[in-house]
Amino acid sequence: MSSQIDHLLNEDRRFAPPADFAANAVGTADLYSRASEDRDAFWAEQARQLHWHRPFTEVLDWTNPPFAQWFADGALNVAYNCLDRHVEAGYGDRVALLWEGEPGDQRQVTYAELTAEVKRVANVMEGLGIGQGDRVAIYLPMIPEAIAAMLAVARIGAVHSVVFGGFSADSLRSRIDDAGARLVITADGGYRKGKVSPLKPAVDQALAAASNRSEQETVEHVLVVKRGGNRVKWVEDRDIWWHDVVPQASPEHEAQAFPAENPLFILYTSGTTGKPKGILHTSGGYLTQAAFTNRVVHDIRPESDVFWCTADIGWITGHSYVAYGPLANGATQVLYEGTPDSPHPARWWELVEKYGVTILYTAPTAIRSFMKTGRSALENYDLSSIRLLGSVGEPINPEAWMWYHDVIGGHVAPIVDTWWQTETGAIMISALPGVTALKPGSAQVPIPGIGVDVVDESGEHVGNGNGGLLVLTEPWPSMLRGIWGDPERFVETYWEKFRDRGYYFAGDGARLDDDGDVWLLGRVDDVMNVSGHRLSTTEIESALVAHEATAEAAVVGAADETTGQAVVAFVILKESFLRAHSPEGLAQQLRLWVGEQIGPIARPRDIYIVSELPKTRSGKIMRRLLRDVAEGRDVGDTTTLADTAVMSVISAQVR
Ligand code: WTA
């Protein structure tokens with residue numbers, strides 16, 4: 001980490017907001033002073049930008065920390081806020097979704113059309129007996145129906161659990177079981193990398209497997225969108241084609257008001273143990289902060305902007321800045337089904353030109369992979385519509401920042417580097433593009449109304465120029481309300497470490513520069529960040545040892561030029577398997593196995609077959625040493641190992 005810090009310390013470029021941008025920016029400097037004068041009043045003011053069926057009188061209830069309640073006596077309907085109110089205000093003809101499928105098919109969906117569709121889907125779901133508090137799993141490609149499904153669930157006060165389409169049947173099953181979902185919404189398949197990637201078979205497989213769900217928590221129906229045209233098996237009485245029921249349903253559906261703290265969604269994310277955590281978000285506070293940050297950080301002007309957040313709805317970024325933020329603000333956005341390089345390496349830039357995208361929000365991994373492809377792939381496209389760029393999911397290195405700024409942003413578009421997490425629900429640290437002078441590589445400052453600090457192990461502020469642990473010092477509206485079904489884990493994971501001070505521990509290392517700006521340094525726990533996706537070392541280790549050939553496994557995240565980090569596994573195989581198979585063959589089998597168990601994103605880049613793992617005298621695996629090997633460095637201090645010779649054995653085997 002220290003070489004990284006030295007490198008960042010040398011970064012002294014500054015980019016002041018362009019004058020015309022600053023003059024017209026949505027987010028202005030007075031937001032900071034207003035928020036610091038009276039935080040609660042500030043957030044109440046933001047919340048009042050939404051429509052409340054019953055206005056709230058309380059702002060924050062923090063009498064039982066860390067269980068917060070925001071706007072608790074108010075009632076609203078999240079979908080009404082994202083749809084009906086824009087139609088009622090006369091914007092029904094405005095395009096909500098500029099959708100493009102990977103094969104090039106297109107659909108434009110106006111706010112009036114999306115509202116009617118969501119009402120139909122809400123009626124269908126209610127007809128299937130789904131209501132307030134019920135959980136609905138969504139396993140869909142990036143098609144307009146995915147957005148409609150999420151909003152329809154929200155409309156009836158139910159709780160969605162979106163599962164990324166790249167996750168395996170096993171991962172899907174554990175998420176369906178943990179949430180106790182009663183309905184699954186999926187598609188036959190969707191387009192990825194030039195071909196149809198099936199989804200329904202994974203749902204069938206997930207539901208066929210035995211589970212210990214109670215009768216109230218059994219999946220009764222599977223609603224299936226026809227998208228890929230691939231053949232699917234059909235379970236009578238359980239499976240329903242979307243096109244058989246949705247178009248026929250009534251487009252009338254009155255939005256009921258639900259309490260501000262009504263659960264809105266569960267989203268599973270990797271933690272430091274093998275079991276993904278179901279992060280729970282509720283309605284009023286979440287929508288307030290998602291919409292607010294989308295306005296002031298992304299500088300959205302709904303009447304003129306074309307916003308494009310490239311995240312999949314399977315991740316939090318797709319929840320807050322595809323489904324909820326932009327729609328709550330009545331914005332027009334691009335929705336793209338496929339991969340960035342299909343069918344050609346400049347597909348994204350073709351879309352930017354075609355739809356006149358003005359604001360682009362994406363991850364550093366994507367930027368670095370375009371850097372690799374080179375500028376020539378972009379030269380034929382006019383990107384001059386872009387006026388603001390955003391980055392999310394992992395630290396953006398200054399080189400990638402400069403490339404993004406110069407090549408995509410035409411040397412002028414500001415870049416907001418936004419730090420946040422599934423747990424925080426919305427952006428927490430970011431520049432305001434019309435206010436802040438930008439520093440490439442730094443996420444910089446907490447947004448107005450948010451309390452951030454960098455502290456040492458005892459919770460003491462480290463002071464400018466020093467590194468430590470990132471904490472959030474105050475509750476915030478879109479904070480997670482818990483881990484589904486596991487309040488103890490919630491307290492222990494995020495609040496135990498700095499319990500005396502009431503700080504939320506984010507799991508990230510960070511440094512404050514001389515101006516007090518925040519530089520993120522990556523996770524300090526056993527969570528990896530691969531292409532901006534969170535993966536747990538333990539989860540992958542569990543998958544590896546579940547294979548019959550594996551005796552022991554250790555996984556580390558090793559630095560990777562393109563993906564930020566890459567999964568590298570060290571595996572000890574059982575003697576019997578080693579005798580019967582080649583190590584290369586077994587390593588390849590294991591890679592595929594992890595893909596099946598968790599999903600292709602979790603497949604290790606490298607698997608090293610070794611005969612030993614470095615352990616302390618108490619038997620703890622020292623991953624730090626394995627990371628040294630994986631990154632090709634000299635191995636660090638080995639004195640606490642039970643057997644100090646083991647690292648030279650491993651190094652030799654890896655070479
Ligand atoms: C990392 C994604 C540096 C961080 C929204 C965090 C970042 C984890 C940034 C959350 C950023 C996210 N700079 N690191 N701008 N944004 N991270 O839950 O380690 O998928 O803890 O949420 O991503 O990942 P998650």
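Start at 1 and go down the list; that is how both ligands and their atoms are numbered.
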Determine whether the side chain, the backbone, both or neither of [X] has a heavy atom under 4.0 Å from any heavy atom of ligand 1.
X	value
Asn529	side chain
Arg534	side chain
Pro395	both

Is the shortest N/O to N/O distance between [X] and ligand 1 below 3.5 Å?
X	result
Asp417	yes
Arg523	yes
Thr418	yes

Check: [X] ring centre within less than 6.0 Å of [Y] ring centre:
X	Y	answer
Phe42	Phe292	yes
Phe505	Tyr494	no
Trp401	His405	yes
Phe67	Phe490	yes
Trp420	Tyr321	yes

List the closest protein heavy-atom neighbour of [atom]: residue, atom name, distance to the nearest 0.1 Å.
atom	answer
atom 1 (C) of ligand 1	Gly393 O, 3.2 Å
atom 6 (C) of ligand 1	Asp508 OD2, 3.4 Å
atom 11 (C) of ligand 1	Glu394 O, 3.5 Å
atom 18 (O) of ligand 1	Thr422 OG1, 2.5 Å

Check your understanding: For the residue pair Phe265 and His281, does the interplanar ring angle fall in the parallel (under 30°), tilted (30 to 60°) or perpendicular (over 60°) class?
Key -> tilted
Practice item. Please answer whether the main-chain N or O of Gln289 pairs with a side-chain N or O of Gln46 as donor and acceptor at a distance below 3.5 Å. Key: no
Review point. Can you check whether Ile386's main-chain N or O pairs, donor with acceptor, with Thr358's side chain at less than 3.5 Å?
Key: no
**Study point:** Under 4.0 Å to a heavy atom of Thr317 - the qualifying atoms of ligand 1, by number
**Key:** 5 (C)
**Study point:** For Val392, the ligand 1 atoms whose distance to one of its heavy atoms is below 4.0 Å
**Key:** 5 (C)
Review point. Can you find a non-hydrogen atom of Trp315 under 4.0 Å from ligand 1?
Key: no
Check your understanding: Quick one: side chain to side chain contact (heavy atoms under 4.5 Å, CB included) partners of Thr269, sequence neighbours excluded?
Key -> Lys277, Ile279, Thr422, Glu423, Arg534
